[in-house]
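This report refers to the structure that appears directly beneath it.
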Amino acid sequence: MEKTKEPWWKRSVVYQIYPRSFMDSNGDGIGDLQGIISKLDYLKTLGVDVVWLSPVYDSPNDDNGYDIRDYQAIMQEFGTMDDFDKLIDEANKRDIRIVMDLVVNHTSDEHAWFVESRSSKESKYRDYYIWRDGVDGNPPNNWGSVFSGSAWEKDEQTDSYYLHLFSKKQPDLNWEHEPLRKDIFDMMTFWLDKGIGGFRMDVINFISKDTRLPDGEKHPGQLYGNGSPYFINGPKIHSFLKEMNEKVLSNYDVLTVGETPGASPEDAKVYTNPENQELNMVFTFEHMDLDSGPFEKWDVQPFDLVALKENLEKWQLSLHETGWNSLYWNNHDQPRVVSRFGNDGDYRELSAKMLAICLHMLQGTPYIYQGEEIGMTNVKFANIEDYQDIETLNMYKEKREQGIAHEQIMAGIYAKGRDNARTPMQWTQDGGFTTGTPWIKMNPNTSIINVDDALDNPNSIFYTYQKLIQLRKEHDVIIHGSFELLYPDHPQLFVYKRKMGQEEWLVVANFSKDIQALDWQASAGQKVMISNYDDPQLDGETIELRPYEAFVIRL
Ligand code: NOJ
């Protein structure tokens, strides 16, 4: 492949910031834009090229900014539009691009469009949202909201129901309605003209609904029907995305990544094949759902490496030269990976580095979520009152009403709750996030897991990430090479090859705390490109991998 044709985002590494929890500059306990600006040099040291900001728009914060009240204003708690412009400027000076979150499946119920829309059936904005009459005093269909309860809310003003796939303060927009699409496209243009580096698109594959809105299948033990077949990758999704691309995105050289729960590799191929002019890449959920039960994420299942490998292989092979992968273990909705697929006890550092090596050697654009680079862990608050996330709180209430024991619900929250990812960034031994009281409690382990200590220790997880980012910049095989999985059925080892022309790299990772033997054929000139122990032992016909050992060899 000619280098000149390589889009910049194929060699980039993205760092996700959840602004509320990243850095507070004014002591109100809430992270803000000036706080982010003050940490740009830190991000530069890490080496990332792109920062994705979770929403910073004006919002009443029912879902921490994923409920937008005004798409063209900055959330007061985060600062002003001047602060935002300064952020773009300061980031540009450091060759860092800022990617915004685009939340256009829904708005806040406090958005002016919705306030208008609900005011009367004749409102000019009525069709910006999805309204239906009830059926015999019941909601229009049996769909459940992702955040518990029905997906429909009855609005007394016009005696009809509106659809909200998330909270009732997040009414779904009606993409069938052309004036709505035009307003969204104009809003996107406003931000792109400020010089942002692209968009991460929130649940973008939910925007096209089957307008018949049929009942969903109701599974045993579930209170509501599953409507997702009628809105995931819905009938007009590709036409909406193509229109967005043609009218807006094609005018800029930006990164686009769609959040696409329920998308298969086949779907992803359609979304990301450059010939289709839709998106650059999407976030799969398949590997994140492997430890969930069939009907809900709270039904925690044991981690199964064989299933994880099989899934990642499927995505690697399907999108090779036909689309593009995004690579992630973490984000603001997922528990911390070191607590999930690694070992957050005695082997925290080793397993965090192992997971990083394993992910960053795959083909695709890697995403690092704030704190992942220092191995931040899940948190266990004893009281439900210490949790802030609407998904967690609604679920807790609903399950308690069903008579489920506190301890049983908490076990799910400890393993899967979104607040695991949302405790404040651990900058110093004392926290360093705020001089005030943080909006959500700190993880008490900041005394031992923090940025200060990581920067001081040349062996820290931070420097493994730094090196991985650097390797990607220097070696085409990471960007373009083919992928081959070895030992697919091995329950503890993840071993794969990347190849491009004469260049061949072998990635070896032990996902367990036990020693694992691996058949080995030393090759003359083999070189260790990165490892999490100082001295990988690579002589002999069998090698013994130590707990959570990982390395990459150029053969
Ligand atoms: C996905 C976002 O990542 C999540 O945080 C949010 O709650 C929902 N979409 C609704 O916007």
Side-chain angles (χ1 to χ4, degrees), residues 14 16-22 31 52-69 71 75 99-111 114 129-130 143-149 151 153 162-173 175 184 199-207 209 227-228 231-233 237 256-263 279 281-289 292 296-298 326 328-336 367 369-370 372 387-395 413 416-423 439-440:
V14 183
Q16 184 193 350
I17 288 183
Y18 195 67
R20 208 172 183 75
S21 301
F22 188 64
W52 149 30
L53 291 183
S54 277
V56 295
Y57 313 92
D58 174 46
S59 162
N61 282 308
D62 190 51
D63 185 19
N64 290 352
Y66 283 92
D67 49 320
I68 297 173
R69 182 163 48 199
Y71 284 111
M75 193 188 302
V99 162
M100 301 277 282
D101 219 305
L102 184 77
V103 188
V104 292
N105 176 67
H106 44 267
T107 65
S108 162
D109 66 339
E110 298 181 30
H111 192 291
F114 190 74
Y129 296 86
I130 301 171
W143 295 3
S145 145
V146 176
F147 292 160
S148 305
E153 180 71 7
Y162 63 87
L163 179 70
H164 60 90
L165 294 178
F166 295 88
S167 105
K168 59 182 176 214
K169 285 185 66 63
Q170 291 168 300
D172 278 56
L173 287 164
W175 274 72
I184 297 282
F199 289 113
R200 173 270 187 188
M201 303 186 186
D202 193 64
V203 286
I204 197 68
N205 65 331
F206 287 15
I207 61 175
K209 278 85 176 169
S228 63
F231 59 77
I232 289 191
N233 310 314
I237 184 65
T256 56
V257 52
E259 189 204 24
T260 54
L279 300 169
M281 60 191 113
V282 298
F283 287 130
T284 164
F285 277 61
E286 288 189 346
H287 66 311
M288 292 282 110
D289 291 341
S292 298
E296 59 169 42
K297 76 177 203 178
W298 307 107
S326 62
Y328 75 97
W329 290 138
N330 271 119
N331 61 40
H332 64 292
D333 295 329
Q334 298 295 336
R336 295 278 178 184
Y367 289 71
Y369 178 67
Q370 66 185 41
E372 180 183 337
Y387 286 86
Q388 304 289 341
D389 172 29
I390 180 168
E391 180 192 41
T392 296
L393 297 175
N394 286 0
M395 179 280 289
I413 295 174
K416 289 290 189 69
R418 306 196 298 181
D419 282 339
N420 283 308
R422 300 177 181 187
T423 58
W439 70 276
I440 183 172

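Everything quoted here is computed from the prediction, not taken from an experiment. Counting begins at 1 with the first residue of the sequence. Only this structure's heavy atoms are used, side chains among them; waters, hydrogens and symmetry mates stay out. As the structure lists them, so they are numbered: ligands from 1, and atoms in each ligand from 1.
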Exercise. Tell me, which protein residue and heavy-atom name are nearest atom 3 (O) of ligand 1, and how many Å apart are they?
Worked result: Asp333 OD2, 2.5 Å
Problem set entry | Residue, atom name and distance, where the atom is the protein heavy atom closest to atom 7 (O) of ligand 1 | Asp63 OD2, 2.5 Å
For this session: Answer yes if the side chains of Asn61 and Lys169 hold a donor-acceptor pair under 3.5 Å, and no otherwise.
Result: no
Exercise. Is a side-chain donor-acceptor pair under 3.5 Å present for Ser59 with Tyr66?
Worked result: no
Exercise. In ligand 1, which numbered atoms sit nearer than 4.0 Å to a non-hydrogen atom of Arg422?
Worked result: 5 (O)
Problem set entry | Tyr328 and Phe283 aromatic centres sub-6.0 Å | yes
Exercise. Does a donor on one side chain and an acceptor on the other come within less than 3.5 Å for Tyr71 and Thr107?
Worked result: no
Seminar exercise, completed: When every non-hydrogen atom of Ser54 is compared with those of Pro19, the smallest separation belongs to O-CG, 3.5 Å
Problem set entry | side-chain hydrogen bond (donor to acceptor under 3.5 Å, both in side chains) between Ser167 and Asp63, worked out | CA-CA 8 Å; Ser167 105; Asp63 185 19; over 6 Å; no
Exercise. Where's the contact between Glu391 and ligand 1, heavy-atom distance under 4.0 Å: side chain, backbone, both or neither?
Worked result: neither
Exercise. What protein heavy atom sits nearest atom 9 (N) of ligand 1, and how far away is it?
Worked result: Asp202 OD1, 2.9 Å
Exercise. What part of Phe147, side chain, backbone, both or neither, has a heavy atom within less than 4.0 angstrom of ligand 1?
Worked result: side chain
Problem set entry | Close-contact set for ligand 1 against His106 heavy atoms, below 4.0 Å | 10 (C), 11 (O)
For this session: Among all protein heavy atoms, pick the one closest to atom 8 (C) of ligand 1 and tell me residue, atom and distance.
Result: Phe166 CE2, 3.8 Å
Exercise. Between Asp109 and Tyr162, do the side chains contain an N or O donor and an N or O acceptor separated by less than 3.5 Å?
Worked result: no
For this session: Measure the distances from the heavy atoms of Arg200 to every atom of ligand 1 and state whether one is below 4.0 angstrom.
Result: yes
For this session: Pull out every atom of ligand 1 sitting under 4.0 Å from any heavy atom of Glu259, numbered as shown with elements.
Result: 1 (C), 3 (O), 9 (N)
